[in-house]
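All values reported here derive from a predicted model rather than from experimental measurement.
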Amino acid sequence: MDARIRARAVEALAVLPHRAGLAYGPGPAQRLTFLPPASPAADGAPLLLAVPGDAWGWLRAEDFACLAPYLTARGFALAALQHRPAGGSGLGHALHDARLGLAWLHGQAASLGGDPSRLFVLGAGRGGLIAALLAAGGWPAAFGLPPAPLAGAVLLAAELAPQGLPPQPSPLQLPPPPASLRLLVVSSEACDAAHRRQMHDYAARAALAGCALTTLAPPPGSDPVRLLLELGAPTPLSAALLTMAGLSPG
């Protein structure tokens, strides 16, 4: 992980109010860190659930705190999810834990000062794969959720069809997300042509299904680390997310 992300996350957790170690499941790894908006919203704040791909060694849950100073100052509440390792078969426990964490956050949203109807998920790299699978239909009822619990999804250089994924289908093989979903998709210059094509195909299918789609050209020299840093600063990427959630980038 880029040292800039880790340093910014440590700084943010040192000065911002937050609640660490909130249990969304019985296991010791089933925890999340919650950072409230700087100013409470009368009707509840939009919630951003950040899902790491840390099962593959790239991004830890607490690293998402690097986004908090900018996004919480503009009205977002941020929940950084920790999950169990994926294991050697598909996504294993990681996807189950992400679904469980989303269900917990949806149920606890009001008590945390959030609005469960404005729940967004964010993932970068293979965390973006998990985010895309959370946006897919067919699973929410088993976790006590409404059919379309997410208002939006943000996929940053998402690995939508990585090697070794079976037995879990890729989002490219599943029905498109619900038409109510708002989708923000950004690739990176570090992605190869096949990777960019997968993201393009996923976005096109979602738009055809009626999803409100925003795509941004990758910044010059970008990779998933650069995209994450841009999301925590005043950039076109963060402006697109804030606008999607009904918040002002100013």
Side-chain angles (χ1 to χ4, degrees), residues 1-2 5 32 48-61 63-64 66-67 71 78-83 85-86 90-92 94-99 101-102 119-137 139 149-165 168-174 176-177 181-207 211 213-219 222-232 237-238 240-241 244-245:
M1 167 51 55
D2 187 277
I5 285 183
L32 60 80
L48 181 63
L49 177 65
V51 181
D54 60 356
W56 298 272
W58 182 71
L59 185 67
R60 302 180 308 183
D63 295 327
F64 282 111
C66 71
L67 306 176
L71 294 183
L78 177 65
L81 185 86
Q82 176 185 351
H83 57 67
L91 291 175
L95 178 58
H96 175 273
D97 285 359
R99 289 171 170 171
L102 173 59
L119 181 53
F120 298 80
V121 65
L122 161 69
R126 288 203 177 179
L129 167 62
I130 297 175
L133 291 170
L134 290 179
W139 67 269
L150 286 170
V154 183
L155 309 183
L156 305 180
E159 296 185 38
L160 298 178
Q163 296 295 319
L165 181 61
Q168 171 63 49
S170 158
L172 299 169
Q173 300 169 310
L174 297 173
L181 188 81
R182 284 161 273 176
L183 186 61
L184 173 58
V185 177
V186 186
S187 185
S188 80
E189 290 192 345
C191 296
D192 60 25
H195 189 160
R196 290 193 296 271
R197 189 181 314 113
Q198 291 161 10
M199 293 193 70
H200 174 272
D201 291 348
Y202 175 80
R205 291 175 68 243
C211 297
L213 173 66
T214 301
T215 58
L216 297 178
S222 63
D223 57 18
V225 168
R226 167 79 179 274
L227 293 177
L228 202 61
L229 290 170
E230 293 223 348
L231 198 60
L237 177 54
S238 61
L241 170 60
M244 191 167 71

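Contacts of H96 classified as ring-ring contact (aromatic ring centres under 6.0 Å, His included), with partners at least two apart in sequence or in another chain: F143. In terms of the salt bridge (charged side-chain N to carboxylate O under 4.0 Å, His left out) criterion, residue partners of R226 (sequence neighbours excluded) are, by chain and number, E230. A79 is linked by a side-chain contact (heavy atoms from CB on, under 4.5 Å) to L32, F34, L49, L105, counting only residues two or more places apart in sequence or in another chain.
Between atom CG of residue D201 and atom CZ of residue R197 there is a gap of 7.5 Å, rounded to the nearest 0.5 Å. Distance OG/S222 to CG/L228: 12.5 Å, rounded to 0.5 Å. The structure places CG of L237 at 4.5 Å from CG of L231, a figure rounded to the nearest 0.5 Å. L48 contributes atom CG, which lies 6.0 Å from atom CG of L241 (distance to the nearest 0.5 angstrom). Atoms CG and OG, on L156 and S188 in that order, are 9.5 Å from each other to the nearest 0.5 Å. In this structure, H200 NE2 and H195 NE2 are separated by 14.0 Å, a value rounded to the nearest 0.5 Å.
Nearest heavy-atom pair across L102 and W139 is CD2-CH2, 3.5 Å. Annotation for L213 and A207: closest pair CD2-CB, 3.8 Å, computed over non-hydrogen atoms. Across all non-hydrogen atoms, the minimal contact from L133 to L174 is CD2-CD1, 3.5 Å. Shortest non-hydrogen contact noted between L181 and A135 is CD2-CB, 3.9 Å. Shortest non-hydrogen contact noted between V121 and V51 is CG2-CG2, 3.8 Å. A pairwise comparison of heavy atoms in Y202 and P177 identifies OH-CG, 3.8 Å as the closest pair.
Between the side chain of R182 and the backbone N or O of M244, at least one donor-acceptor pair lies under 3.5 Å. With hydrogens and angles disregarded, a donor-acceptor distance shorter than 3.5 Å links the side chain of H83 to the backbone of P52.
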Problem set entry | Candidate pair M199 and L160, rule side-chain contact (heavy atoms from CB on, under 4.5 Å), full reasoning | CA-CA 7 Å; M199 293 193 70; L160 298 178; 4.3 Å; yes
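Side-chain contact between E189 and D223: absent, with no pair of heavy atoms (C-beta onward) separated by less than 4.5 Å. You'll find the side chain of L95 reaches within 4.5 Å of the side chain of R99, heavy atoms only.
Checking L155, T214, L122 one by one against L184, the side-chain contact (heavy atoms from CB on, under 4.5 Å) holds for a single residue, T214.
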